[in-house]
Amino acid sequence: MPELPEVETIVRQLAPVVAGQTITQAGSHPSAKFSSAADAIDTQIHKVFRRGKYILFTLSNQHELIVHLGMTGKLQLVRAPDANDAYIRAWWQLSNGKRLELHDVRRFGRVAVVRAGEYATLPTLAALGPEPLDSSFNAEMFWKASRASRRAIKTQLLSQRLLAGIGNIYADEALWRAEIHPAARQLTKSQAETLRQELAVVIENAIKHGGTTLRDYRSLDGSTGENQHHLECYGRHGEACLRCGEPLARMVIDGRGTTFCKSCQKR
DNA sequence: CGCAGCGCCTGAAGGC
DNA sequence: TGCCTTCAGGCGCTGC
């Protein structure tokens, strides 16, 4: 499941390769989730950037091509299509002879072409919170924003509104490091400060390690990340807490599996 | 406007 | 061994 660090890794590889290229042809799976891929034909890619988990291509016609990888999406650059690959959901032929493909087994991903900055058809992007590594993301703002909602803090982290780009892995990691119960509903100012700090630590480390590959994630060149070897909490339910030694617990919050330490992360 | 609930998808893993 | 069920979950949509 590509989250901010995985998408950041992909965008860093993608940007220098596709900037300046013209999209000469494109096609997609018939689903409406992907069919707007062809709307980018005959435009030039000016630049590529990331917001949260969204990949945005600035196009020459005042539009943006937007790609979300969902759960199993991967971008790949190939020389020729592989007829045996049944999971290509969208593709764009570039003027340098390469072909950019969105491979997405479960079709939770999405492609859109919109007028630049107009995200009404992508409500999560339209309401996206600040970037966790942005200097404008300060503790005071984070604390106030978190208190505006009564939902569990983990739910807020996953909502993309409180801040951008956090998914299940890094939510569990940051809450464990901050010693905050994932179902806590009101953070103290000091908890918010700690959580903000640990979110940044977790994200920075994951980017440093090229993202987390549990099963599906691959960067643009097909390589796996290495951050799965550095996870301290996510997926370790039943194993010893690295801080106190108690077995980590598991609960479901809003339908998402959540690993945490009952001993270190009190309500 | 906030938010709970649901549906989308398919391969992997578990049960019998 | 093989069939069936359950699980994984980010996000858009609907309706309260």
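Because only heavy atoms are used, hydrogens play no part in the values below, and waters and symmetry mates are left out as well, while side chains stay in. Numbered from 1 within each chain, the chains take letters A, B, ... in sequence-line order. Every value quoted in this text rests on a predicted model; they were computed, and no experiment measured them.
Here A:R106 does not reach the OP1 or OP2 of C:dG10: none of its side-chain N or O atoms lies under 4.0 Å away. The side chain of A:Y234 contributes no N or O atom lying less than 4.0 Å from OP1 or OP2 of C:dA8. Regarding contacts with the backbone of B:dC9, every side-chain N or O of A:K33 stays at 4.0 angstrom or more from both OP1 and OP2. Note on A:S159: every side-chain N or O is 4.0 Å or more away from OP1 and OP2 of B:dC3. Dashed line: the shortest gap from a side-chain N or O of A:R107 to OP1 or OP2 of C:dG12 is not under 4.0 Å. Dashed line: the shortest gap from a side-chain N or O of A:Y87 to OP1 or OP2 of B:dC9 is not under 4.0 Å. Contact between the side-chain N/O atoms of A:Q160 and the OP1/OP2 oxygens of C:dG10 is not found at any separation under 4.0 Å. For C:dG12, the OP1/OP2 oxygens have a side-chain nitrogen or oxygen of A:Y54 closer than 4.0 Å. Distances shorter than 4.0 Å separate some side-chain N or O of A:R151 from OP1 or OP2 on B:dA4. For the OP1/OP2 pair of C:dC11 and a distance below 4.0 Å, the side-chain nitrogens and oxygens of A:H68 include at least one atom meeting the criterion.
Of the residues A:I41, A:I45, A:T43, A:V67, the one that meets the side-chain contact (heavy atoms from CB on, under 4.5 Å) test with A:W92 is A:V67.
Contacts between residues 214-231 of chain A and DNA chain B, counted as heavy-atom distances below 4.0 Å, involve A:R215.
Not one N or O on the side chain of A:R177 forms a donor-acceptor pair closer than 3.5 Å with the backbone of A:C233. In this structure a side-chain-to-backbone donor-acceptor pair under 3.5 Å is present from A:S60 to A:Q44.
In the set C:dG9, C:dA8, C:dG12, the nucleotide with an atom closest to the side chain of A:N168 is C:dG9.
For DNA chain C, if you chain together Watson-Crick or G-U pairs that step i with j, i+1 with j-1 and so on, the runs of at least three with distances under 3.5 Å are B:2-16 with C:2-16.
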Distance-only check: which donor-acceptor pairs under 3.5 Å involve side-chain atoms of residues 30-38 of chain A, not counting sequence neighbours?
{"from": "A:S31", "atom 1": "OG", "to": "A:K33", "atom 2": "N", "distance (Å)": "3.0"}
{"from": "A:K33", "atom 1": "NZ", "to": "A:R107", "atom 2": "O", "distance (Å)": "3.0"}
{"from": "A:S36", "atom 1": "OG", "to": "A:V111", "atom 2": "O", "distance (Å)": "3.0"}

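Because its NZ or CZ atom is not both nearer than 6.0 Å to the ring centre of A:Y54 and within 45° of the ring axis, A:R51 does not count as a cation-pi partner of that residue. Under the 6.0 Å distance and 45° angle rule, A:R196 does not count as a cation-pi partner of A:W143.
For A:F108 and C:dC11, the ring-to-base geometry does not satisfy the stacking test (centroid distance below 5.5 Å, interplanar angle below 30°).
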